[in-house]
Amino acid sequence: MFSAGSFMMVNASGRASGQKAHLLLPTLKENDTHCIDFHYSLSSRDGRSPGSLNVYIKVDGGPQGNPIWNASAPVTEGWAKAELAISTFWPNSYQVIFEAVSVQGHPGFISVDEIHVLAHPCRKTPHFLRLQNVEVNVGQNATFQCIAGGKWSQEDKLWLQQWNGKDTSLMVTRSVNQRRFSAIVRVADTSQRGTSRYRCVIRSDGGSGVSNYAELSVKAPPTPIAPPELLAVGATYLWIKPNANSIIGDGPIILKEVEYRTTTGNWAETHIVDAPTYKLWHLDPDVEYEIKVLLTRPGEGGTGPPGPPLITRTKCAGR
């Protein structure tokens, strides 16, 4: 057990609303499951709350974000105790920040004391297992599964917190067994290509737990930059090269297809291409065709829009 030996007491008397004081713990990097507990007090002579106490967990020197724990109700007798179950996992580092916020006209004291880093799991607060990265294609559903060890209560609050501090409520929570539960949340916006980071947070009767940050990668389905290259022409065939190496969007490419139709028709056929070149057979002589290439990357919705067309004509019969 390690005692941080930190103490903060804020006299909220005579303060304007929203004035803040901070206590920053040293940066920590823990590999094994552990717990941080602390005692706190919000006290006043008239029984009203002097303000609020917030706790932030800043990871790898990143943004402070939103609180993962807070208290504003007055502690009527002595001190109350809370736990922080932090599952950031090595080699990530984190810093615990305590923040006292005053309320004008509410004299009293906001205090934190007896901060300990314990080499065992929290007794009342669930610990999260490692949150896994998620990859989807643009416009598809993205879902994180938050799995935690500990008992789940209907009174517990669970949410997903983005790197910038934005919070999203979790949708479905279920018990896996007596010692483990999971919660599922769908990320609302996957309309644009990019990468963002999320973590799971739980607020229980005993304190708060927070997971590692996991990446959500939103990929753009690939589209060829150039039209197919015409290699040879006959009366009943067209021999092409798909030109699928230069793309807009993301790989890897797991499927190549050729889509073709006559320029005057309303039908289209699609053929899978599994070689560097492809020959379209059984075409009509002296007819103009439009040929496009479709590319697909892994995952639902991984097929991109067709690339620019090659428009060409078969030879006349007998030539």
Side-chain angles (χ1 to χ4, degrees), residues 130-145 163 184-198 212-319:
R130 184 181 294 274
L131 185 63
Q132 301 299 318
N133 295 334
V134 173
E135 180 181 290
V136 297
N137 293 307
V138 169
Q140 302 302 308
N141 293 331
T143 301
F144 282 100
Q145 185 176 26
W163 180 256
I184 296 174
V185 63
R186 179 181 296 175
V187 179
D189 186 12
T190 60
S191 60
Q192 294 184 347
R193 178 188 187 193
T195 302
S196 51
R197 301 176 72 185
Y198 293 83
N212 62 296
Y213 277 106
E215 284 193 352
L216 170 62
S217 298
V218 180
K219 301 292 187 180
T223 299
I225 293 176
E229 180 182 349
L230 183 63
L231 301 178
V233 182
T236 58
Y237 71 87
L238 294 170
W239 193 6
I240 64 166
K241 181 179 179 181
N243 276 346
N245 292 330
S246 298
I247 64 171
I248 299 172
D250 297 297
I253 296 169
I254 61 171
L255 179 66
K256 300 176 187 177
E257 296 174 289
V258 169
E259 179 186 270
Y260 72 98
R261 66 178 184 88
T262 62
T263 55
T264 58
N266 55 8
W267 58 270
E269 285 191 18
T270 303
H271 295 177
I272 294 176
V273 177
D274 56 5
T277 62
Y278 190 76
K279 208 169 191 178
L280 295 169
W281 292 93
H282 309 297
L283 305 180
D284 294 326
D286 195 26
V287 172
E288 189 176 64
Y289 287 89
E290 179 185 87
I291 306 168
K292 299 178 182 179
V293 173
L294 295 166
L295 303 177
T296 301
R297 69 175 314 278
E300 186 177 353
T303 301
L310 166 66
I311 298 177
T312 187
R313 181 179 292 271
T314 52
K315 291 183 177 181
C316 295
R319 291 190 178 182

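Quick caveat, the model's predicted, so the values are computed rather than measured.
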Report summary line: When rounded to the nearest 0.5 Å, the distance separating NZ of Lys279 from OG1 of Thr236 is 8.5 Å

Query raised in the report: With no hydrogens and no angle check, is any side-chain donor or acceptor of Asn133 less than 3.5 Å from a backbone partner on Ala214?
Result: no

Requested in this report: Quick one: closest heavy-atom pair of Pro242 and Pro276, and the distance?
Outcome: CD-O, 3.1 Å

Requested in this report: Run the numbers on Trp239 and Leu280 for side-chain contact (heavy atoms from CB on, under 4.5 Å), then give the verdict.
Outcome: CA-CA 6 Å; Trp239 193 6; Leu280 295 169; over 6 Å; no

Query raised in the report: Which distance, rounded to the nearest 0.5 Å, do you find between the CZ of Arg261 and the OH of Tyr289?
Result: 12.0 Å

Query raised in the report: Which pair of non-hydrogen atoms, one from Gly302 and one from Pro221, has the smallest distance, and what is that distance?
Result: O-CB, 3.5 Å

Query raised in the report: Do Val218 and Asn137 touch side chain to side chain, with heavy atoms closer than 4.5 Å?
Result: no

Query - Glu288: partners by side chain to side chain contact (heavy atoms under 4.5 Å, CB included), with sequence neighbours left out - result: Thr263, Ile311, Arg313

Requested in this report: Report yes if some heavy atom in the side chain of Val136 is under 4.5 Å from a heavy atom in the side chain of Asn141; otherwise report no.
Outcome: no

Query raised in the report: Is the backbone N or O of Val287 less than 3.5 Å from a side-chain atom of Thr314, with the two atoms forming a donor-acceptor pair by type?
Result: yes

Query raised in the report: Would you call Ile272 and Leu255 a side-chain contact if the rule is heavy atoms closer than 4.5 Å?
Result: yes

Query raised in the report: To the nearest 0.5 Å, what is the distance between CG (Asn245) and CG (Leu295)?
Result: 9.5 Å

Query raised in the report: Is any side-chain heavy atom of Val233 less than 4.5 Å from a side-chain heavy atom of Leu238?
Result: yes

Query raised in the report: With a 4.5 Å limit on heavy-atom distance, are the side chains of Arg297 and Pro252 in contact?
Result: yes

Query raised in the report: Is the Tyr213 to Tyr198 ring centre distance short of 6.0 Å?
Result: no

**Report entry** Side-chain (Thr190) to main-chain (Gln140) donor-acceptor, under 3.5 angstrom
**Finding:** yes

Report summary line: When every non-hydrogen atom of Leu131 is compared with those of Gln145, the smallest separation belongs to CD1-O, 3.4 Å

Report summary line: Looking only at heavy atoms, the pair that brings Glu257 and Thr296 closest together is OE1-OG1, 4.3 Å

Query - Straight-line distance of Ile240 CD1 to Ile291 CD1, nearest 0.5 Å - result: 5.0 Å

**Report entry** Residue among Thr277, Val258, Val293 satisfying side chain to side chain contact (heavy atoms under 4.5 Å, CB included) with Pro228
**Finding:** Val293

Query raised in the report: Any idea which heavy atoms bring Ala317 and Ala235 closest together, and the distance?
Result: CA-CB, 4.1 Å

Query - N-O pairing of Glu259 and Lys292 below 4.0 Å - result: no

Report task. Taking the side chain as every heavy atom from C-beta outward, state whether Pro298 and Ile254 have any pair of such atoms under 4.5 Å apart. Result -> yes

Report task. Under the side-chain contact (heavy atoms from CB on, under 4.5 Å) rule, what do Val187 and Leu216 come out as? Steps first, then yes or no, please. Result -> CA-CA 9 Å; Val187 179; Leu216 170 62; 3.8 Å; yes

Report task. List the steps and the verdict of salt bridge (Lys or Arg N to Asp or Glu O under 4.0 Å) for Arg197 and Glu215. Result -> CA-CA 5 Å; Arg197 301 176 72 185; Glu215 284 193 352; 5.2 Å; no

Query raised in the report: Say you draw a straight line from CG of Asp274 to NZ of Lys256; how long is it, rounded to the nearest 0.5 Å?
Result: 9.5 Å

Report task. Determine whether Gln192 and Val138 make a side-chain contact, defined as any pair of heavy atoms from C-beta on separated by less than 4.5 Å. Result -> no

Query - Point-to-point distance, once rounded to the nearest 0.5 Å, from NZ of Lys315 to OH of Tyr237 - result: 6.5 Å

Requested in this report: Report yes if some heavy atom in the side chain of Asp250 is under 4.5 Å from a heavy atom in the side chain of Arg193; otherwise report no.
Outcome: yes

Query raised in the report: Between Pro222 and Ile247, what is the shortest heavy-atom contact and its length?
Result: CB-CD1, 3.8 Å

Query raised in the report: Quick one: do the Glu269 and Tyr260 side chains pair a donor with an acceptor below 3.5 Å?
Result: yes

